[in-house]
2 protein chains.
Amino acid sequence: MPGSRAASSRLAIAARPFLARPDGDGARRDLLTPQERDRLASIASLVRIERGDILFRQGAEANAIYDIAGGVLKSVLQRPDGTRAILGFFFPQDIVGLAEDGRYVSTVQAVSGAVLYRMPLRALERLLKHDRELDHQFLLKACHELRGAQLHVLTLGIVRAEIRVLRFLGLMRQMQAPEAGLGSLIELPMSRADIAEYLGLTPETVSRVFARLRRAQIIASPNPHLIRVVDEERFLAIAEDEGRVRPPAPRVSAAD
Amino acid sequence: MPGSRAASSRLAIAARPFLARPDGDGARRDLLTPQERDRLASIASLVRIERGDILFRQGAEANAIYDIAGGVLKSVLQRPDGTRAILGFFFPQDIVGLAEDGRYVSTVQAVSGAVLYRMPLRALERLLKHDRELDHQFLLKACHELRGAQLHVLTLGIVRAEIRVLRFLGLMRQMQAPEAGLGSLIELPMSRADIAEYLGLTPETVSRVFARLRRAQIIASPNPHLIRVVDEERFLAIAEDEGRVRPPAPRVSAAD
DNA sequence: CTAGCCTCTTGATCGGAATCAAGGCGCGCC
DNA sequence: GGCGCGCCTTGATTCCGATCAAGAGGCTAG
């Protein structure tokens, strides 16, 4: 908020939905096709980073974007006071490197070891000039990313920690099993602290919520980084049905 | 999160920052120039709506975007359980109408009476095909909007209500006085309930926070919709300095 | 002018998440 | 193999925001 006195920065975007032919096949409209990926490959070089490594820092000059080949990354934003918020997690085939005014808007750090394709902006710029289709794909990504941020806002507006965590699990499942359904197994490569920073909670609370969900037989977890959804019904019921309403109020009112 | 099983929806965007010439003049890069606005005017028609009216609904078929000429609007998202979150407020010269897959992603409703320019998508599409510069402006808007959503996430991750409210005031001031500085007066056209839904709080809490800030002589407010920042120092200190840390701990430790 | 409604405000109580604190486990390093 | 360090978990307590409730002010319509 400070610093970027970007004036009347506000405004919703016109995402040119008309250009986004509804794409009947229902597939990941925000991912590049293999062909598009190939065209990008011509200007890309391979990069490896280790768990904990920082790919680039918030505010640094942006001179490349990255296509994730393997591993998981996180996008982190600093608050003026030093605390941080995690804006999102990125998986293989995601593209990271959003910049504004030539500077990266967030820090991107490896959650696990990762392999990426690095695409210098100058080369990408040249490529996109001649490839309007590819160019357009990037706009779609921007819109989709925005949608994601809006859902994040929606989740953070929920008071109850159980619901936030369950929605997070739903999101992770969706990202790992795009074809859906497959999904009772969810991998969580990130730490409890990471999850907490994404959800606006403390690590302790996240841990406690997992414990409660385990006791309630809604999930099971052989280890902290692997979750199995046991009771799909209640999983979805809690994740989607209530925002800030009171759920457990049987109120038998025995004496009445 | 449900419904749009948009598969691997995740991915950061490459905002083609290189195209966004840093624009030394520091002015609102996300706003159209008068010339661009004129070109758009050729396809626009005027629309008036009253306070409380809904411009369009989440999920409805998107066939136009709107340029706000006067008034204030809000963008609202429904949760599965019926509760809502406000994603943002929009002021004159902002553009609203983000869609995905041809459907509006959120409901937009008038906070006050408003006047807008309506631009049919079909006509806009034709226009943008011949006007690459204008086309590009829309991409910048998308990126800026995304930035805004990320700052919103940042604010919602903060625990203390005072800080959330103060950051909100800072945001409102910034949107009303792009030239900054001018700013000790802040107008709040929206209701306490609106502010609460934006900040993930209840109207009561918002009201109480204002009362506390007033008692602490940090702000003054002749009426609920007008705020004057009295103590700029502390205003900024609280809004920007602490995330979840304990502030009032003078601890004179008298006996020690 | 008054009745009714809506918004804002204030008060009292409750509950749940943060905080403070400590212990267990897995893993790499020595 | 054992030590030390992270990370996760669990417990006790505190505090703050949600909730329930009621009252005040303002605006509109009758």
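Sequence lines set the chain letters: A, B, ... in the order given, protein chains first and strands last, and positions in each chain run from 1. Computed from a prediction, not measured in an experiment: that's the story for all the values here.
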### Message
As a test of reading the structure: which of dT19(C), dG17(D), dA18(D) is closest to the side chain of Arg160(B), going by heavy atoms?
### Response
dG17(D)
### Task
Establish, from distance only, whether the side-chain atoms of Ser221(B) and Arg214(B) form a donor-acceptor pair under 3.5 Å.
yes
### Query
With respect to the phosphate group of dT7(C), does any side-chain polar atom (N or O) of His225(B) fall under 4.0 Å of OP1 or OP2?
no
### Message
Looking only at the side chain of Glu204(B) (C-beta and beyond, no hydrogens), which of the listed nucleotides dT9(D), dC20(D), dA18(C) gets closest?
### Response
dC20(D)
### Query
Starting at CG of Asn223(A) and ending at C1' of dC8(D), how long is that distance when rounded to a whole Å?
11 Å
### Task
Would you indicate what Arg164(A) reaches in the nucleic acid, counting non-hydrogen atoms under 4.0 angstrom: base, sugar-phosphate, or nothing?
nothing
### Task
Using whole Å, report how far CD of Glu50(B) lies from P of dT28(D).
13 Å
#### Entry: Pair His144(B), Glu100(A): side-chain N/O donor-acceptor within cut-off below 3.5 Å
yes
### Message
Quick check for you: among dT9(D), dA18(C), dT9(C), whose closest atom lies nearest to any side-chain atom of Pro224(B)?
### Response
dT9(C)
### Task
Rounded to the nearest angstrom, tell me the gap between atom CZ in Arg212(B) and atom P in dC15(D).
14 Å
### Distance below 4.0 Å between Ser191(A) side-chain N/O and dC7(D) OP1 or OP2
no
### Message
Between dG11(C) and Arg208(B), counting only base atoms on the nucleotide and side-chain atoms on the residue, is there a donor-acceptor pair under 3.5 Å?
### Response
yes
### Query
Of the nucleotides dA18(D), dC8(C), dC20(D), which has the atom closest to the Val159(A) side chain?
dA18(D)
### Message
For a quick check under 3.5 Å, do Arg228(B) and Ser184(B) share a side-chain donor-acceptor pair by atom type?
### Response
yes
#### Entry: Nucleotide dT10(D), atom C1' - distance to CZ of Phe210(A) in whole Å
16 Å
### Query
With distance as the sole test, does Arg103(A) use its side chain to make a donor-acceptor pair with the main-chain N or O of Gly59(A) at under 3.5 Å?
yes
### Query
Can you check the Arg51(A) CZ to dG28(C) P distance for me, whole Å?
11 Å
### Query
Arg215(B) CZ to dT9(C) C1': how many Å, rounded?
11 Å
### Task
Whole angstrom is fine here: how far is it from CG in Leu201(B) over to P in dA17(C)?
15 Å
### Task
Could you state the atom-to-atom distance from CG of Asp194(A) to P of dC8(D) in whole Å?
8 Å
#### Entry: Nucleotide nearest Ser207(A) (side chain, heavy atoms from C-beta), chosen from dC8(D), dT9(C), dT7(C)
dC8(D)
### Query
Are any of Thr202(A)'s side-chain N or O atoms less than 4.0 Å away from OP1 or OP2 of dA17(C)?
no
### Task
Kindly say whether Val72(B) contributes a backbone atom to a donor-acceptor pair with the side chain of Ser112(B) at under 3.5 angstrom?
yes
